[in-house]
Amino acid sequence: MKLNSLWPASGKVRAGLIIVIFFVLLAVFGPMITDYAPRATGNPPLQPPSADHWLGTTQTGQDVFSQFVHGARVSLAVGFIAGVLSQIVSVLVGLVGGYFRGIADEMLYILTAVFLVIPAMPLLIVLTGYLPTRGMISVAIVITITSWAPAARVLRAQTLSLRNRDFVEAARATGESRMRIMFYEVMPNALPVIASGFLFSTIAAILAEAGLSFLGLGSLTTVSWGSMLYFAQNNQALLVGAWWWFVPPGLAIAIIGAGLALINFGIDEYANPRLRTGKSRRKAARPAGRGSAAMSSTAASAAAGAEASSSSSGVSEGSLGGTESTETTDDDASPPQIRGSEVPGDPVISVRDLIVDYPTEDGAVRAVDHVSITLHRGELLGLAGESGSGKSTLTNAITRLLRNPAEVSGGEITYHRSTRTGESTEVDLLNLPAEELRAFRWSELAIVFQSAMNALNPVLRVSAQFDDVLRVHRPGMSAAGRKELAQEMLHKVGIDPERVTAYPHELSGGMKQRVAIAIALVLEPDVIIMDEPTTALDLLVQREVLEQVMQLREEYGFAIIFTTHDLSLLLEISDTIAVMQTGTLVEYGPATDVYSDPRHPYTKTLLSSLANLGARI
Amino acid sequence: MKFLLRKVMLYVFIAWAALTLNFLIPRLMPGDPLVLLMERTEGRLDPGALEAMAEAYGLTDAPLVVQYWDYLSSLVQGDLGLSIGYYPVPVADIVAGAMPWTIGLVGVTTIISFLLGTGLGVILAWRRGKRSDYVLPALTFLNGVPYFWMALILVLIFSVNLGWFPVANAYQPILVPGWNPEFISSVIYHAILPALTIVIGSFAGWVLSMRNMTVTVLGEDYVTMAEAKGLPRRKVLLRYGARNAILPSITGFALSLGAVVGGSMLTEVIFNYPGVGYTLFQAVQNQDFPLMQGLFLVISLAVILANLLADIVYIFLDPRTRAEA
């Protein structure tokens with residue numbers, strides 16, 4: 001490992017580390033560079049900062065700088081000790097509860113809840129009120145008692161989600177002891193959570209110590225930032241305007257708190273890439289799971305490394321896609337196989353030479369590379385390709401749902417709008433103004449998402465999710481009319497119209513997908529993009545939903561772009577098939593031709609692997 | 001309903017745990033509180049007070065179970081013992097006098113800071129990646145500022161230097177409390193700086209958590225679908241994004257209430273604001289153990305109640321908790 005790879009890429013984490021390291025150095029070496037003992041009196045009182053007394057003096061003539069650096073030692077030590085102790089407690093409670101479940105978990109859960117709900121500061125005050133002696137260690141222990149609970153709860157949740165993962169099951173199967181599984185299998189995977197819990201409890205402990213000392217409840221024989229504030233407050237530093245006395249310790253607490261929080265942001269962003277901002281976002285601008293093979297090899301391996309070690313995602317699609325497509329790069333040499341389409345009817349969407357790039361620091365990653373396809377009215381275009389082939393990027397470009405930082409760098413997408421007279425006008429989708437785009441959406445092109453579990457808003461009734469479409473696109477419609485239409489659409493997809501008042505969680509997976517289809521149909525669009533609409537369903541339900549879609553297509557005559565990695569399914573239902581690999585269209589033509597006479601090596605490989613699997617097509 | 005029942009039971013249990021903790025602390029902490037009291041007050045204590053304290057603790061030689069029973073039965077009668085510092089005023093009376101100030105101050109400021117922070121969080125989430133992201137480090141800093149220090153700075157600027165606001169107290173001491181305009185306006189005037197302290201100290205936390213949660217939710221398929229539906233951006237953001245992102249904030253609301261209460265206690269001390277925080281501070285200074293415990297108990301119960309209320313609100317906001325199963 002190179003040394004500079006230890007230096008975090010995120011600016012936030014860097015800033016945080018610099019702050020923390022600065023204060024640690026200050027605490028360690030600060031007391032050595034000051035000539036004054038922290039409690040020694042005898043200097044001129046209430047002096048403002050000067051060359052002699054860098055931060056001035058107190059009312060009794062103590063040197064504030066000396067107190068400040070000595071105070072840093074106590075505050076940081078208490079914070080660190082309490083942070084470590086409370087993390088030990090929460091790791092034990094969280095791991096044991098989450099892993100063992102059952103009665104032990106119930107008890108620990110309630111215990112955690114008790115300490116979570118009872119306010120920490122009053123408990124802290126009462127506990128220290130009874131302490132016979134208030135040393136640094138006993139204060140740290142008392143702070144631990146009041147601060148372990150939040151991290152324990154988070155850890156328990158993390159353990160619960162980890163305990164049934166494959167690698168834990170595997171460890172169980174090989175007969176590893178529970179202790180070993182907990183501490184060697186589960187705990188390492190919870191490390192980001194533990195680290196962030198440690199940072200939080202350290203901040204909390206520094207603040208708690210300062211609060212206690214400020215109330216005169218800390219150890220007043222040692223100098224800490226809190227006790228400096230206590231003496232400043234008690235000696236009316238405020239009223240005499242001795243800002244140098246009370247500004248530094250509070251500012252230091254706030255800055256170090258911010259420093260720890262910044263490091264924690266880094267951990268959060270590491271575990272949850274959606275939170276990334278600015279530079280770190282751009283740096284990570286690897287199209288998740290798409291086109292990773294097109295990256296330069298160093299970037300790809302770095303990305304795969306980051307992916308693999310990223311805490312909760314486990315083995316991700318992205319790294320899989322990356323390795324798979326590098327294995328098949330030999331095929332790149334083969335030219336794309338584009339056959340003339342014999343689909344009758346007028347075109348409804350045509351894509352010409354579309355290029356979509358994901359800019360990264362090592363240059364742009366091309367996720368869609370000069371792709372041209374034409375979708376005709378009523379056609380079912382099957383778009384096949386593995387994860388990372390660029391098929392979702394392509395459909396997202398058509399629906400104008402590309403997320404930052406993806407950008408269309410070339411080509412055009414045209415929608416052929418049919419007018420009443422039967423003629424068609426061409427709409428340049430990529431340059432549609434915002435208002436026209438909003439009007440175009442759903443009324444002319446709708447989408448059925450991969451997983452309806454996530455495509456329906458969990459807090460709104462089904463009726464409301466029909467309603468908002470109709471309110472926007474059919475402003476003249478009455479409330480009763482909207483409800484009637486929603487019920488009619490549900491009836492069409494084979495759902496009891498009374499379920500219109502149901503919430504998504506009250507429906508089964510198959511029903512949710514039907515509802516999503518019903519919502520997509522409500523404005524009778526010309527085109528529906530179906531992004532792996534059946535992948536998340538079990539086989540039987542998949543079949544039913546598919547038949548429903550085909551039946552509705554007969555009735556309404558909409559065109560479909562159907563994406564999936566299930567080629568056998570596509571061969572069965574599609575009119576036309578487009579196969580994508582690493583951002584390029586490698587084979588495109590009528591489904592029957594592609595099946596009987598695949599021309600691109602990649603398609604051949606896919607088809608022969610289907611044959612090996614014994615698929616009957 | 002089952003969800004609510006389970007929550008109520010949990011909070012009843014937590015309340016019981018708080019009561020029991022309150023009973024056990026003086027008995028389990030190292031050292032004898034009576035000895036501690038005599039040492040620290042160096043004989044300046046009313047002999048009656050000492051007796052009262054022994055009685056308050058039931059520090060008789062009776063077995064722990066009997067003491068516990070006595071403790072619970074006097075609690076049921078609202079008897080929290082007699083204060084030592086203000087002997088022989090009942091603790092319950094002092095607590096009752098302090099509670100309204102704190103509930104007013106903390107209640108109002110918490111709601112302001114929650115609304116302000118959550119709203120700002122949603123806006124920042126919507127504008128992520130833009131220049132507005134640069135306020136995040138500033139918010140992180142604000143989030144780390146100790147309340148009491150913020151209070152000191154505000155006093156320094158607005159009271160000592162500018163003279164706009166009073167340095168301390170909840171109302172002008174010459175006024176007699178009552179429901180008259182003069183008194184009420186004095187109360188509001190005196191509350192501005194403490195309230196500002198608590199709002200500044202706590203709103204950044206809401207902003208940060210709401211921003212992160214909204215950013216996460218904005219990546220969900222249902223938000224993409226709402227956008228694909230052609231809904232106005234505001235609707236996508238509020239009805240689909242924020243509406244879901246606020247759920248964890250409601251749970252967090254209850255939990256961080258504890259932190260706000262803690263911070264506002266210190267704020268009260270700085271402003272000599274006659275709420276429970278200041279009273280607790282004085283109780284600790286006076287070694288007034290019965291008052292300390294009475295306050296701890298009441299604060300805990302109030303926070304537990306607020307948690308229960310937040311959970312009830314949550315039931316209204318998240319249909320999944322109302323599931324039959």
Side-chain angles (χ1 to χ4, degrees), chain A residues 110 113-114 116-123 125-127 129-132 203 207 210-211 214-217 229 233 238-239 241 243 246 250 253-255 257-258 261-262 268 272 274-275 277-278 281 399 401 404 438-439 441-442 447 449 451 454-459 468-469 472-473 503 505, chain B residues 10 13-14 17-18 25-26 29-31 33 36 128-129 133 140-141 143-146 148-149 152 155-156 160 212 215-216 219-222 224-225 227-232 235 240 243-244 255 258 261-262 265-266 269 280-281 284-285 292-293 296 299-300 303-304 307 317-320 323:
Chain A
I110 292 176
V114 169
L116 211 51
V117 172
I118 291 179
M121 196 70 205
L123 180 59
I125 292 175
V126 171
L127 285 176
Y130 283 109
L131 274 182
I203 300 174
L207 279 171
F214 175 70
L215 290 178
L217 286 173
L229 289 167
Q233 159 88 350
L238 211 53
L239 295 179
W243 55 268
F246 60 85
I253 293 169
I255 291 175
L262 283 173
D268 274 356
N272 182 358
R274 280 179 193 171
L275 295 177
T277 54
R281 187 185 170 91
T399 54
L401 287 171
N404 269 335
R438 266 204 323 101
R441 282 179 162 161
W442 222 255
I447 307 169
F449 285 87
S451 152
N454 302 327
L456 298 179
N457 188 340
V459 298
D468 48 22
V469 174
V472 170
H473 295 283
Y503 284 102
H505 73 269
Chain B
L10 180 64
F13 180 85
I14 294 174
I25 288 171
M29 288 303 278
L36 206 62
R128 73 187 180 285
D133 274 354
T140 314
F141 171 78
N143 200 30
V145 171
F148 56 95
W149 185 71
L152 290 175
V155 168
L156 179 72
V160 177
N212 280 3
V215 167
T216 307
E220 294 287 339
D221 277 353
Y222 52 77
T224 313
M225 177 157 159
E227 200 186 336
K229 275 173 165 180
L231 303 185
K235 210 161 191 176
Y240 284 75
R243 180 67 178 72
N244 281 288
L255 294 180
V261 167
M265 292 174 65
L266 296 166
V269 171
L280 182 57
F281 170 67
V284 172
Q285 301 254 304
M292 242 162 72
Q293 293 212 262
F296 167 69
I299 295 169
S300 299
V303 172
I304 290 168
N307 271 273
L317 288 179
D318 189 351
R320 280 163 292 191

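The chains referred to below are lettered A, B, ... by the order of the sequence lines, with proteins before strands, and numbering in each begins at 1.
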Atom group of [X] that falls short of 4.5 Å from chain A, counting heavy atoms:
| X | answer |
| --- | --- |
| B/Asn143 | neither |
| B/Phe148 | side chain |
| B/Leu10 | side chain |
| B/Met265 | side chain |
| B/Leu152 | both |
| B/Val284 | side chain |

Proximal component of [X], with respect to chain B [non-hydrogen, under 4.5 Å]:
| X | result |
| --- | --- |
| A/Leu229 | side chain |
| A/Phe246 | both |
| A/Ile203 | neither |

- Message: Any side-chain to backbone donor/acceptor pair from A/Arg438 onto B/Gly230? Under 3.5 Å, distance only.
- Response: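 Checked: pair present.
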Sub-4.5 Å side-chain heavy-atom contact between [X] and [Y]:
| X | Y | value |
| --- | --- | --- |
| B/Phe296 | A/Ile118 | yes |
| B/Met292 | B/Leu280 | yes |
| A/Asn454 | A/Phe449 | no |
| A/Pro458 | B/Tyr222 | yes |
| A/Gln233 | A/Phe214 | yes |

In terms of heavy-atom pairs under 4.5 Å with chain A, which of [options] leads?
| options | result |
| --- | --- |
| B/Asp318, B/Ile304, B/Leu231, B/Val261 | B/Leu231 |
| B/Thr140, B/Leu317, B/Ile299 | B/Thr140 |
| B/Val269, B/Val303, B/Asn244 | B/Asn244 |
| B/Lys235, B/Lys229, B/Glu227 | B/Lys229 |

Most chain B-contacting option - heavy-atom pairs closer than 4.5 Å, from [options]:
| options | result |
| --- | --- |
| A/Val472, A/Ile110, A/Val114, A/Thr399 | A/Val114 |
| A/Pro122, A/Gly211, A/Gly257, A/Ala113 | A/Pro122 |
| A/Ala439, A/Ala120, A/Pro119 | A/Pro119 |

- Message: Please identify which of these residues, A/Leu401, A/Ile447, A/Val469, meets the side-chain contact (heavy atoms from CB on, under 4.5 Å) condition with A/Arg441.
- Response: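 The side-chain contact (heavy atoms from CB on, under 4.5 Å) with A/Arg441 is passed solely by A/Leu401 among A/Leu401, A/Ile447, A/Val469.
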- Taking salt bridge (charged side-chain N to carboxylate O under 4.0 Å, His left out) as the test, write out the residues that go with B/Arg243, two or more places apart. none
- Message: Under a 3.5 Å threshold, yes or no: a donor from one side chain and an acceptor from the other, between A/Asp468 and B/Tyr240?
- Response: yes
- What distance do A/Leu123 atom CG and B/Ser300 atom OG have between them, rounded to the nearest 0.5 Å? 7.0 Å
